[in-house]
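In listed order, ligands and their atoms are each counted from 1.
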Amino acid sequence: MKKILVIHGPNLNLLGKREPEVYGKITLKKINEALAKEAKKEKVEVKFFQSAHEGEIVDAIGKAGDWADAIVINPAAYTHTSVAIRDALLAIDIPTVEVHLSNIYKREEFRHKSLIAPAAAGQISGFGLNSYILGLDAAVALLKNK
Ligand code: CA2
């Protein structure tokens with residue numbers, strides 16, 4: 001069975017508790033539950049990792065090859081700042097899908113630039129929970145074509 005690692009960046013653990021006007025009412029727990037259900041439907045294994053720390057995310061990406069066949073990542077604010085996460089993704093040979101709950105191109109200008117996008121197979125942005133589901137489906141499709 002193919003294995004997909006889902007990585008959530010900083011503050012996504014606050015979903016459902018603050019800023020519902022931007023990110024909706026969904027919690028990270030509900031997102032992970034919906035992904036686990038989709039993974040079961042698609043017959044893939046899924047694991048979740050969340051951290052507010054750039055280095056921990058870099059380490060998780062570095063170790064991903066021990067277990068994962070693909071990565072789905074919402075780097076959150078690190079999307080716009082992290083050369084380290086981009087380099088970590090470029091250093092591994094695992095297809096990656098970048099996802100965002102909000103449409104980053106509709107928001108403040110500093111969010112329009114993703115440093116991660118060139119290291120990803122593709123990006124899904126703006127569909128709330130569905131960005132993650134579509135991201136998982138995209139990862140599954142990438143693995144089927146491998
Ligand atoms: O839309 C997305 O998924 C983002 O990756 C979310 C990040 C943001 O920095 C990116 O530009 C776009 C923010 C995640 C923090 O989420 C919060 C949730 C509740 C309360 C505060 C922050």
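Protein heavy atom nearest atom 1 (O) of ligand 1, with residue, atom name and distance: Ser102 OG, 2.5 Å. When only non-hydrogen protein atoms are considered, atom 2 (C) of ligand 1 lies nearest to Leu101 N, 3.4 Å. Looking from atom 19 (C) of ligand 1 to the surrounding protein, the closest heavy atom is Arg18 O, 3.3 Å. Of the protein's non-hydrogen atoms, the one nearest atom 9 (O) of ligand 1 is Arg111 NH1, 2.9 Å. Taking atom 21 (C) of ligand 1 as the reference point, the nearest protein heavy-atom neighbour is Glu19 OE2, 3.6 Å.
When all heavy atoms of Glu42 and Lys144 are compared, the pair lying nearest together is OE1-NZ, 4.0 Å.
Using a 4.0 Å cut-off between a side-chain N of Lys or Arg and a carboxylate O of Asp or Glu, Lys29 and Glu33 qualify as a salt bridge.
Below 30°, between 30° and 60°, or above 60°: for His8 and Tyr132 the angle between ring planes is between 30° and 60°, a tilted geometry.
His100 has its side chain out of reach of Ser131: every pair of non-hydrogen atoms, C-beta onward, lies at least 4.5 Å apart. For the pair Leu14/Asn11, a side-chain contact is recorded, criterion being any heavy-atom separation below 4.5 Å from C-beta on. The shortest side-chain heavy-atom distance between Leu5 and Val72 does not fall under the 4.5 Å cut-off. Contact check for Val140 versus Ile4: side-chain heavy atoms found under the 4.5 Å cut-off.
Of the N or O atoms in Tyr23, none lie within a sub-3.5 Å distance of an N or O in ligand 1. Between Ile104 and ligand 1, not a single N/O pair is under 3.5 Å apart. Not a single N or O atom of Thr79, backbone or side chain, sits closer than 3.5 Å to an N or O atom of ligand 1.
Taking CD1 of Ile7 as the start and OG1 of Thr96 as the end, the distance is 7.5 Å to the nearest 0.5 Å.
Ligand 1 places these atoms under 4.0 Å from at least one heavy atom of Ala77: 9 (O). When each atom of ligand 1 is checked for a heavy atom of Leu12 under 4.0 Å away, the hits are 14 (C). Atom numbering of ligand 1 starts at 1 in the shown order; those under 4.0 Å from a heavy atom of His80 are 10 (C), 11 (O). The distance from ligand 1 to the heavy atoms of Asn11 drops below 4.0 Å at these ligand atoms: 15 (C), 16 (O), 17 (C), 18 (C). Atoms of ligand 1 lying under 4.0 Å from at least one heavy atom of Leu14, given by number and element, are 19 (C), 20 (C).
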Legend entry - Evaluation steps, side-chain hydrogen bond (donor to acceptor under 3.5 Å, both in side chains), between Glu98 and Thr79: CA-CA 9 Å; Glu98 177 187 350; Thr79 305; 4.6 Å; no
Inset, instruction - I would like to know whether Arg86 and Leu90 meet side-chain contact (heavy atoms from CB on, under 4.5 Å); could you show each step before the answer? - result: CA-CA 6 Å; Arg86 173 197 177 122; Leu90 287 171; 4.1 Å; yes
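For Lys17, no heavy-atom contact with ligand 1 is shorter than 4.0 Å. Residue contacts with ligand 1 for Asn74 involve side-chain atoms from C-beta outward but no N, CA, C or O (heavy atoms, distance under 4.0 Å). Counting heavy atoms closer than 4.0 Å to ligand 1, residue His100 contributes atoms from both its backbone and its side chain.
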